[in-house]
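Note that these values count all heavy atoms, side chains included, but never hydrogens, waters or copies made by symmetry. Because the structure is a prediction, the values reported are computed rather than measured. For reference, positions follow the sequence shown, starting with 1.
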Amino acid sequence: MSGTAFGRRAALVLPALAARPAWTQDVALTIGVGAPVTSIDPHFFNASFNSAVSSHIFDRLTERTPDARLVPGLAESWRAVSDTVWEFRLRDGVRWHDGHLFTADDVAFTIERAPRVPNSPGGFGVYLRAITRTEVVNARTIRLHSARPHPIMPSDLAFIPIIARHAATGAATEDFNSGRAAIGTGPYRFVSFRAGDRIELARNDAYWGGAQPWARVHYRMITNDSARLAAVLAGDVDVIDQVPSADVARVRREGRVTLAEALGARLIFLAPDFSRREAPAFTTDAEGRPLAQNPLIDLRVRQALSTAIDRAALAERVMEGTARPAGQWLPSGPPGHNPDVPPPRYDPDAARRLLAEAGYPQGFRITLHTPNDRYPNDARTAQAVAQMWTRIGVRTDVVPVPWASFPGRAARQEFAMHLIGWGSSAGDPIGALMNVVGSFDRARFLGAVNHHRYANPDLDALVERALTTMDDGARNALLRDAVRMAAEDVAVIPLYNLVNVWAVRRGLTITPRLDERTLAMDVRPG
């Protein structure tokens, strides 16, 4: 789903959120999530678990429904004034949690601040890089100028939480974590944050979209699968995400909870290191001796490693049906999916031939690093891949790393091969093509999470061409070409798309989301 379905037309004035009933009862909701939120600063780390929490406190100009449709947020409408100017009309009377009035000046401040957060392991600059000038027309109108046509501007802004100039001027990430700068316009107000443990939120009764049913939200980080499941079964929490795949069948029979499932837009993939041509890290020959050249630079080696993976076995046995084999970023359905790029065929004999052609008839040794507490069955998946690679002569050791240190180490190119995930929350491949496999260029905000340093100027040029193409159909065709190019060059080794599974206690309902975020706003009394 492109996120530009509105094209050049003005958006609808009233979002579905505005129809929410104004609940007043003093009821709390407790959520147990499987990933550790690292910061309240909404611009610090472009990760789904951080964005989920920021969505409670901060609004965006445009928002996305659970099925990734673009709808009005703080902007009630927008239009393309010209090919290089977008105008956004803001809602009237919206107030920050401290009572100050929200204006276009806050949007201008956000656009200036968001791409420049110090020490960010993966920021939001890529979504704002096209903007050359912000023009505050009046308190309720802002125009965003670009040097070239940028048809996906409304979609880009669905990634950018809007913060208050008066509260966040000069604020560091620590000021958001303490709550001093965590002043939003969202449906919930910040109360407290304990890293690795919990976040406490309180209902914003003056929310422009209507008050939520939950007076308080306790957002608990429970990264242990068994503990998280036990908590919802015992009634200690009301909702959990990432229901352990081994327990899905049993939980379906439980009378205490119900499940909600949706095939998501998160790809789990392997990232081969392109940062070293010589003296590769964590890679030796078959006898354990240092290699002069990095074998992963050779396309045939990457093809061999991909072909040696039985994705159907990963999806059905390791993930126990909670994944679908993948050969690209998106599952079938959205316009950015390329039907001509299927999951690579499992063929270990072909993999051995490719290794021999590349000069490794005896294979080599490599270490696969993986988080062990971030994605469902992440370490188990890495172990299964290691066994498949070892069978073709690439003896593979697996080193699990806690997520708390994993992104930082990946960003420093400390791994030869690592397992990671990317969620295309807009329902298109643009974010992945720019952030994950776009050539790393800090000045241009490209490759923000391209920690493996893949670089392909032809792919970059094709993506740039797509991003300046105003016609939706032509743009999607170019994006499909880019998806195919990345797949043919094995820019990453795709494994599977996750099926997102939530468990909620009886008496509640949750709307499953394509972007896998767990939001109190999607939970309702049954």
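- Atom CG of N50 sits about 6.5 Å away from atom OG of S39, to the nearest 0.5 Å.
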Applying side chain to side chain contact (heavy atoms under 4.5 Å, CB included) to F193 and V53, what does each step give before you reach the verdict? CA-CA 11 Å; F193 169 53; V53 169; over 6 Å; no
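- Here the side chains of V463 and V437 are not in contact, with every heavy-atom distance at 4.5 Å or above.
- Side chains of S439 and D460: a donor on one and an acceptor on the other come within 3.5 Å.
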Test H43 against I163 for side chain to side chain contact (heavy atoms under 4.5 Å, CB included), laying out the working first. CA-CA 10 Å; H43 305 143; I163 59 175; 3.7 Å; yes
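- Heavy-atom minimum distance, D378 versus T370: O-OG1, 3.5 Å.
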Kindly indicate, with the supporting measurements, whether the criterion side chain to side chain contact (heavy atoms under 4.5 Å, CB included) is fulfilled by I240 and Q242. CA-CA 7 Å; I240 66 167; Q242 298 185 29; over 6 Å; no
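- Counting only distance, with no hydrogens or angles, the side chain of S146 and the backbone of I131 share no donor-acceptor pair below 3.5 Å.
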Start with the C-alpha distance between R365 and D397, add both sets of side-chain angles, then the distance that settles side chain to side chain contact (heavy atoms under 4.5 Å, CB included), and finish with yes or no. CA-CA 8 Å; R365 296 185 181 187; D397 295 320; 6.0 Å; no
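- Side chain to side chain, R276 and T283 fail the donor-acceptor criterion of an N or O pair below 3.5 Å.
- Residues T65 and D67 bring a donor and an acceptor atom of their side chains to less than 3.5 Å of each other.
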Step-by-step side chain to side chain donor-acceptor pair (under 3.5 Å) determination, S306 to R311: CA-CA 9 Å; S306 182; R311 290 165 174 80; 2.9 Å; yes
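- Between P280 and P295 the shortest side-chain heavy-atom distance falls below 4.5 Å.
- For the side chain to side chain contact (heavy atoms under 4.5 Å, CB included) with E516, the qualifying choice from V501, D241, N500 is N500, the only one to do so.
- Atom CZ of R442 is surrounded by 12 or fewer heavy atoms from other residues, nucleotides or ligands within 6.0 Å.
- Between F364 and L355, some side-chain heavy-atom pair lies under the 4.5 Å cut-off.
- Rounded to the nearest 0.5 Å, atoms OH (Y375) and CG (L495) are 12.0 Å apart.
- Counting heavy atoms from C-beta outward, F445 and Y127 have side chains that stay 4.5 Å or more apart.
- A donor-acceptor distance shorter than 3.5 angstrom exists from the side chain of R256 to the backbone of L233, with no hydrogens or angles considered.
- No salt bridge links D515 with R64; every basic N to acidic carboxylate O contact stays at or beyond 4.0 Å.
- Looking only at distances, no side-chain donor or acceptor of D522 sits under 3.5 Å from a matching main-chain atom of I510.
- Considering all non-hydrogen atoms of both residues, A487 and V341 come closest at CB-CG1, 3.6 Å.
- To the nearest 0.5 Å, the span separating CE on M521 from NE2 on H56 amounts to 4.5 Å.
- The minimum heavy-atom distance between P376 and L498, with the atom names listed, is CD-CD1, 4.0 Å.
- Legend: residues meeting ring-ring contact (aromatic ring centres under 6.0 Å, His included) with H452, ordered by chain and number and at least two apart, are F274.
- With a 4.5 Å cut-off on side-chain heavy atoms, M434 and L446 count as touching.
- Side-chain contact check for D298 and Y360: no donor-acceptor pair (N or O, by modelled atom type) lies under 3.5 Å.
- Side-chain N or O atoms of S54 include one that pairs as donor or acceptor with a backbone N or O of S51 at under 3.5 Å.
- Other residues, nucleotides and ligands contribute more than 12 heavy atoms inside 6.0 Å of the CZ atom of R453.
- Taken to the nearest 0.5 Å, the CD1 atom of I160 stands 8.0 Å off from the CG atom of N46.
- With respect to the salt-bridge test (charged N to carboxylate O, under 4.0 angstrom), the residues E357 and R300 do not qualify.
- Listed here is the closest heavy atom pair of S245 and T322: CB-OG1, 3.4 Å.
- Between S424 and L330 the shortest heavy-atom distance is CB-CD2, 3.7 Å.
- Of the charged side-chain nitrogens involved, none lies within less than 4.0 Å of a carboxylate oxygen, so that R250 and E320 do not count as a salt-bridged pair.
- By the neighbour-count criterion of 12 heavy atoms within 6.0 Å, atom CG of N119 is sparsely surrounded, having that number or fewer from other residues, nucleotides or ligands.
- One finds the OG1 atom of T396 at 7.0 Å from the CG atom of L368 (value rounded to the nearest 0.5 Å).
- Here the side chains of H418 and P371 are not in contact, with every heavy-atom distance at 4.5 Å or above.
- W389 contributes a side-chain N or O that, together with a main-chain N or O of L305, makes up a donor-acceptor pair within less than 3.5 Å.
- Residues T518 and Y219 share a closest heavy-atom pair of O-OH, 2.9 Å.
- One finds a salt bridge joining D489 and R302 here, because a Lys/Arg side-chain nitrogen approaches an Asp/Glu carboxylate oxygen to under 4.0 Å.
- In summary, R289 and E287 do not engage in a salt bridge, as defined by a charged side-chain N under 4.0 Å from a carboxylate O.
- Looking only at distances, no side-chain donor or acceptor of N435 sits under 3.5 Å from a matching main-chain atom of V126.
- Under 3.5 Å, the side chains of R198 and T30 contain no donor-acceptor pair of N or O atoms.
- For the pair N377 (side chain) and R380 (backbone), a donor-acceptor distance under 3.5 Å is absent.
- In this structure a side-chain-to-backbone donor-acceptor pair under 3.5 Å is present from R324 to G321.
- Between Q328 and P494, every side-chain heavy-atom pair lies at or beyond the 4.5 Å cut-off.
- Counting only distance, with no hydrogens or angles, the side chain of T469 and the backbone of R465 share a donor-acceptor pair below 3.5 Å.
- The environment of CZ in R409 is crowded: more than 12 heavy-atom neighbours from other residues, nucleotides or ligands sit within 6.0 Å.
- A donor-acceptor pair is defined here as one N or O able to donate and one able to accept, closer than 3.5 Å; such a pair exists between the side chain of T62 and the backbone of A158.
- A distance of 10.5 Å separates CZ in R228 from CG in D247, rounded to the nearest 0.5 Å.
- Applying ring-ring contact (aromatic ring centres under 6.0 Å, His included) to H369 and the options W403, F406, F282 leaves one that passes, F282.
- Looking at heavy atoms from C-beta onward, R352 lies in side-chain contact with D349 at the 4.5 angstrom threshold.
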